[in-house]
> 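Structure provided below as structure tokens; questions to follow.
These numbers come from a predicted model, not from an experiment. The sequence lines fix the lettering, A, B, ..., with proteins before strands; numbering per chain opens at 1.
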There are 2 protein chains.
Amino acid sequence: MAFELFDHEGFDATTVDAIAKRAGIGRRTFFRYFDSKNDVVWGAFTEQLDHMREQFARRPADEPLMESVRAVVVEFNRVDPEEVPRHRRRMELILRVPALQAHSTLRYGDWRAVVAEHAAGRLGEDPGALRPQAIAYAALGVSLAAYEHWLAEPGRQLCDVLDEALSELARGFSLN
Amino acid sequence: MAFELFDHEGFDATTVDAIAKRAGIGRRTFFRYFDSKNDVVWGAFTEQLDHMREQFARRPADEPLMESVRAVVVEFNRVDPEEVPRHRRRMELILRVPALQAHSTLRYGDWRAVVAEHAAGRLGEDPGALRPQAIAYAALGVSLAAYEHWLAEPGRQLCDVLDEALSELARGFSLN
DNA sequence: CTTCCATTTGGCACTCGGTGCCATATACCC
DNA sequence: GGGTATATGGCACCGAGTGCCAAATGGAAG
């Protein structure tokens, strides 16, 4: 709904008034459905994270930790082929519009918490400890690098790029 | 100057009007010195990045890449012992106040660019390529994890935590 | 159908960050 | 001292986001 406005006018130039009018609701009502204009772009992300948590729980207990992370993150980002163009436009907004880039950091915190939680379980440490947090932060980082690369290179499959980036991470970016 | 206000009232509750009044300047003038209220917290960060670039240039050419990254990032974050309390309060704001947490993402972009640039040089790739970007993103991530850990554990030295986290990264977070 | 109650809606006014415009003050040069 | 460039800051404006409250909506019960 509001995405047409973002596409045509740009995110910053699209006012909440315009979005509300387009949706046929009052401006005040808009802010009851979305905490902020930024949140329009991020749909039901929290629910998706529940799904990621389940995927982590399903991994075999003897699998190397970074291998689990790689597999789950790759699968988490697999989208229906016909949804790819929409996903692309959404991620273009998130990764390229400064306001969204900044705001998204807050959402990433929830994502990291899921990864850190699983890593902590595997390592027998507290989710707030250095290693689980470092792993979660690093996994997020290389995923974002993969997303940016995917946006810049229309030919490649997102999951392939993610797989490559997360494999490099598990390898410590060493040469061999 | 403005940091006393942030400490006493909190960042969000401190208005630009209050900061300007405290500084004895007009509100309009404030916005000529700082692009935003957020930028007050980030001082001369760009200049510091130039220094980081120089440090990278100084590393021996045969040093493993992730070793250079570790060494430079650790040194980049070494602060004068008497400045530690101030640094701590500053980083508490940056890492814990949501508005700053979000905004800081934009500054981190410049930081990552420096790391990616060096990594690209070493790998013989484009700075925008996947691996340099992934390395920069990952290095940033584990550094932030280290900072958070440092803030939570008053006993430890920041550089030690950074060193540990970046070493783990270079090891791919593997067990041995 | 009507009455009553709960929930949803959205108008209004306000705060605050940020910006463009323009008059004035300040500083520097001749 | 006069003249010019630059720094200052007042003013009005925009847009995001919020608290308050009145009106609309929609069931359930009579």
Side-chain angles (χ1 to χ4, degrees), chain A residues 1-47 89-111, chain B residues 1-47 89-111:
Chain A
M1 313 220 191
F3 280 76
E4 287 117 32
L5 289 171
F6 293 156
D7 286 342
H8 294 144
E9 313 293 326
F11 180 81
D12 291 326
T14 303
T15 67
V16 172
D17 274 301
I19 300 171
K21 187 159 288 179
R22 167 70 71 103
I25 60 173
R27 169 193 154 78
R28 195 63 187 74
T29 304
F30 169 90
F31 280 112
R32 228 169 250 121
Y33 283 98
F34 301 98
D35 285 344
S36 73
K37 192 174 113 178
N38 303 311
D39 284 309
V40 175
V41 181
W42 286 90
F45 189 59
T46 313
E47 288 80 342
R89 285 188 303 145
R90 209 169 68 91
M91 295 312 294
E92 265 166 10
L93 287 174
I94 289 174
L95 292 172
R96 304 224 240 248
V97 175
L100 284 170
Q101 216 177 320
H103 174 262
S104 299
T105 300
L106 306 175
R107 295 309 191 91
Y108 296 151
D110 297 334
W111 188 97
Chain B
M1 315 217 192
F3 279 77
E4 287 119 30
L5 289 170
F6 294 156
D7 286 342
H8 293 144
E9 312 293 326
F11 180 80
D12 292 326
T14 304
T15 68
V16 172
D17 274 302
I19 300 170
K21 187 158 289 180
R22 169 69 71 101
I25 61 174
R27 167 193 158 77
R28 194 63 187 78
T29 305
F30 169 89
F31 280 112
R32 228 170 250 119
Y33 282 99
F34 300 97
D35 285 344
S36 74
K37 193 174 111 178
N38 303 311
D39 285 308
V40 175
V41 181
W42 287 90
F45 189 58
T46 311
E47 287 81 340
R89 285 188 304 145
R90 208 170 70 92
M91 295 312 293
E92 265 166 8
L93 287 174
I94 289 174
L95 292 172
R96 301 226 242 248
V97 175
L100 285 169
Q101 217 176 318
H103 174 262
S104 299
T105 301
L106 306 175
R107 296 310 192 89
Y108 295 152
D110 297 333
W111 188 96

> If the sugar-phosphate is the primed atoms plus P, OP1 and OP2 and the base is the rest, what is the B/S/- string for nucleotides 14-25 of chain C, using protein heavy atoms under 4.0 Å?
--SBBBBB----
> Work out which heavy atom in A:A99 is nearest to a heavy atom in A:N38; give both atom names and the distance.
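A:A99 and A:N38 have their closest heavy atoms at O-OD1, 4.1 Å.
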> What is the distance from atom CG of B:L100 to atom CD of B:E92, rounded to the nearest 0.5 Å?
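So the CG of B:L100 and the CD of B:E92 are separated by 12.5 Å.
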> Would you say the side chain of B:V41 lies within less than 4.5 Å of the side chain of B:F11, judging by non-hydrogen atoms?
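With C-beta onward as the side chain, the pair touches.
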> Please collect all side-chain hydrogen bond (donor to acceptor under 3.5 Å, both in side chains) contacts where either partner lies in residues 96-110 of chain B, sequence neighbours excluded, each pair once.
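Residue pairs with at least one partner in residues 96-110 of chain B: A:T105-B:T105, B:D39-B:R107, B:W42-B:S104.
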> Report all side-chain donor-acceptor pairs from residues 17-32 of chain A shorter than 3.5 Å, counting only partners two or more places apart or in another chain.
from  : atom 1 : to   : atom 2 : distance (Å)
A:R22 : NH1    : A:E4 : OE1    : 3.1

> As a quick check of understanding, evaluate side chain to side chain contact (heavy atoms under 4.5 Å, CB included) for A:F3 and A:L93, giving each step before the final call.
CA-CA 10 Å; A:F3 280 76; A:L93 287 174; 4.2 Å; yes
> Which nucleotide span of DNA chain D, 5' end to 3' end, has atoms closer than 4.0 Å to non-hydrogen atoms of chain A?
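Answer, 5' to 3': D:dG15 to D:dC20.
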> Decide whether a cation-pi geometry holds between A:K37 and A:F6; the criteria are a distance under 6.0 Å from NZ or CZ to the six-membered ring centre and an angle within 45° of the ring axis.
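So A:K37 doesn't make the cation-pi contact.
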> Minimum heavy-atom separation for A:L106 to B:P98, with atom names?
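Heavy atoms of A:L106 and B:P98 come nearest at CD2-O, 3.8 Å.
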> Is the count of non-hydrogen atoms from other residues, nucleotides or ligands lying under 6.0 Å from B:F45 atom CZ greater than 12?
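Above 12, so yes.
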> Near DNA chain D, under 4.0 Å by heavy atom, which residues of residues 97-108 of chain B?
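Residues of residues 97-108 of chain B under 4.0 Å from DNA chain D: none.
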